[in-house]
Amino acid sequence: MIPAGFDYVRAESAEHALALLAEHGDEAKLLAGGHSLLPLMKLRLAVPGVLVDIAHIDELRYIRVEGDEVAIGALTRDRELERSELLQSEVPLLAHVAAQVGDPQVRARGTLGGSLVHGDSASDLPTAVLALGGSLVIQGPAGTRTVAAGDFFQGFFTTAVGEDELLTEIRLPRTGGLGWAYEKFTRRANDWPIVSAAVVDGRVALANSGPTVLRAAATEAALASGASNADAAAVADEGTSPSADMHGGVEYRRHLTRTLVGRALDTASA
């Protein structure tokens with residue numbers, strides 16, 4: 001459980017971080033909160049030659065309203081999301097979901113951008129950003145580009161962020177006046193969800209139901225056609241591909257998906 005040796009470099013700005021990535025190529029890995037990368041390094045599943053520490057880049061820590069959206073710096077910590085009065089008012093789903101991540105120690109170090117770029121299909125925050133229909137700003141050598149959340153999560157632990165790029169900002173629509181809900185089923189407190197479901201503005205996102213977080217397309221289509229919450233929830237597992245593990249089999253997870261989506265839809269529409 002001891003990582004292989006590596007060099008450490010502290011980036012002072014987003015531009016400095018990109019320059020370090022360009023200098024060290026595929027030997028380099030970005031370090032934000034560290035909750036995802038460091039366990040992989042201890043298991044030697046990740047063996048970077050250089051760690052580029054971006055945790056101290058304050059220019060990427062903010063939450064502010066910009067027109068019809070809320071802009072959040074990628075290095076904003078989970079605890080800041082949870083406690084933000086602005087988010088509680090303008091994007092309450094994200095503030096609520098941030099409070100479900102791990103324990104206070106985890107939330108004190110974990111960052112929104114780190115969770116998104118890690119691309120774990122069982123994570124809470126990617127599920128919320130997908131349900132919110134957010135967009136993600138990525139900076140790289142070719143400039144800045146914006147990717148919709150639906151196109152960001154591309155496969156098993158794979159996102160749209162290239163090895164020479166940096167996620168800098170998350171933009172979310174202001175949904176404060178809309179009904180929302182997040183239902184999460186875990187084996188024990190502070191654990192990863194066996195399945196979770198986020199609902200807001202007719203969008204339904206699922207965690208741990210496939211190689212990435214994904215939208216419950218059949219449920220969304222049913223809702224758009226006027227189906228009841230119960231009928232829409234009954235098809236929530238269509239298009240999912242859950243895996244069996246020590247926490248439950250495939251059909252168990254499909255049952256959880258239908259049940260949690262039903263509860264979330266009822267809460268969001270209450």
Count I, L, V, M, F, W, Y as connected when their side-chain heavy atoms are under 4.5 Å apart, and connections chain through other members. Are Val52 and Leu75 then in the same cluster? yes
Rounded to the nearest 0.5 angstrom, the CD-OG distance for Gln100 and Ser196 is 9.5 Å
Main-chain N/O of Ala244 paired with Arg253 side-chain donor or acceptor, under 3.5 Å: no
Correct closest heavy-atom pair for Leu136 and Leu167 would be CB-CD1, 3.7 Å
Heavy atoms of Arg203 and Arg215 approach each other most closely as CG-NH2, 3.2 Å
Working note: Leu31 + Leu38, criterion side-chain contact (heavy atoms from CB on, under 4.5 Å); need CA distance, chi angles, decisive distance, verdict. CA-CA 9 Å; Leu31 175 69; Leu38 295 183; 4.3 Å; yes
Flag if over 12 foreign heavy atoms under 6.0 Å of CZ, Phe156:
no
Taking atom CD1 of Ile2 as the centre, does the number of heavy atoms from other residues, nucleotides or ligands within less than 6.0 Å exceed 12?
no
| query | Is the side chain of Ser121 donor-acceptor paired with the backbone N or O of Gly210 at a distance under 3.5 Å, no angle test? | reply | yes
Please check if the side chain of Ser84 supplies one atom and the backbone of Glu80 the other of a donor-acceptor pair under 3.5 Å. no
Exercise. For Asp68, look at atom CG and say whether over 12 heavy atoms of other residues, nucleotides or ligands are found less than 6.0 Å away.
Key: no
* To do: Measure from the side-chain N and O atoms of Thr212 to the backbone N and O of Gly155, and report whether any donor-acceptor pair falls under 3.5 Å.
  => no
- Query: In terms of hydrophobic clusters joined by side-chain contacts under 4.5 Å, are Leu21 and Leu60 together?
  - Reply: yes
In short, Thr240 meets Ser209 closest at the heavy-atom pair CB-O, 3.4 Å
All heavy atoms of Ile54 vs all of Ala17, minimum pair found to be CG2-CB, 3.8 Å
Practice item. Please say whether more than 12 non-hydrogen atoms of neighbouring residues, nucleotides or ligands are located less than 6.0 Å from CD in Glu12. Key: yes
List the steps, then state whether side-chain contact (heavy atoms from CB on, under 4.5 Å) holds for Leu116 with Phe153. CA-CA 8 Å; Leu116 296 174; Phe153 305 103; 3.8 Å; yes
| query | Charged N to carboxylate O under 4.0 angstrom, Arg258 versus Asp237? | reply | yes
Give a yes or no on whether the backbone of Ala222 and the side-chain of Ser225 come within a donor-acceptor separation of less than 3.5 Å.
yes
Could you tell me whether a side-chain N or O of Ser269 sits under 3.5 Å from a main-chain N or O of Leu265, the two making a donor and an acceptor? yes
* For the pair Thr219 (side chain) and Ala232 (backbone), establish whether a donor and an acceptor sit closer than 3.5 Å, ignoring hydrogens and angles. => yes
| query | Are Ser123 and Trp192 close enough, and set up right, to give a side-chain contact (heavy atoms from CB on, under 4.5 Å), and what steps lead you there? | reply | CA-CA 7 Å; Ser123 289; Trp192 299 91; 3.4 Å; yes
| task | Without swapping roles, check the side chain of Lys29 against the backbone of Leu37 for a donor-acceptor pair under 3.5 Å. | result | no
OH of Tyr182 to OG1 of Thr127, rounded to nearest 0.5 Å, is 5.0 Å
Are any side-chain N or O atoms of Glu238 and backbone N or O atoms of Ala217, one a donor and one an acceptor, separated by less than 3.5 Å?
no
Smallest heavy-atom separation, Gln88 atom then Glu82 atom, equals NE2-O, 3.1 Å
Passes side-chain contact (heavy atoms from CB on, under 4.5 Å), Leu112 versus Val129? Steps please. CA-CA 10 Å; Leu112 175 57; Val129 171; 4.3 Å; yes
Rounded to the nearest 0.5 Å, the OG atom of Ser228 sits from the CG atom of Asp266 at a distance of 9.0 Å
Side chain to side chain contact (heavy atoms under 4.5 Å, CB included) with Val70: of Leu94, Val91, Ile170, Leu132, only one passes, and it is Val91
Review point. Under the 3.5 angstrom rule, does the side chain of Arg171 hit a backbone N or O of Ala71 as a donor-acceptor pair?
Key: no
For Ala55 and Arg77 the tightest heavy-atom approach is O-NH2, 3.7 Å
Rounding to 0.5 Å, atoms CG (Leu256) and NE2 (His247) come to a distance of 12.5 Å
d(Asp201 CG, Leu178 CG) to nearest 0.5 Å is 5.0 Å
One should read off an interatomic distance between Arg263 CZ and Lys184 NZ, to the nearest 0.5 angstrom, of 15.0 Å
Review point. Around atom CD of Glu85, are there more than 12 heavy atoms of other residues, nucleotides or ligands at under 6.0 Å?
Key: no
Q.
Does atom CZ (Arg83) have a neighbourhood of more than 12 heavy atoms from anything else shown, all under 6.0 Å?
A. no
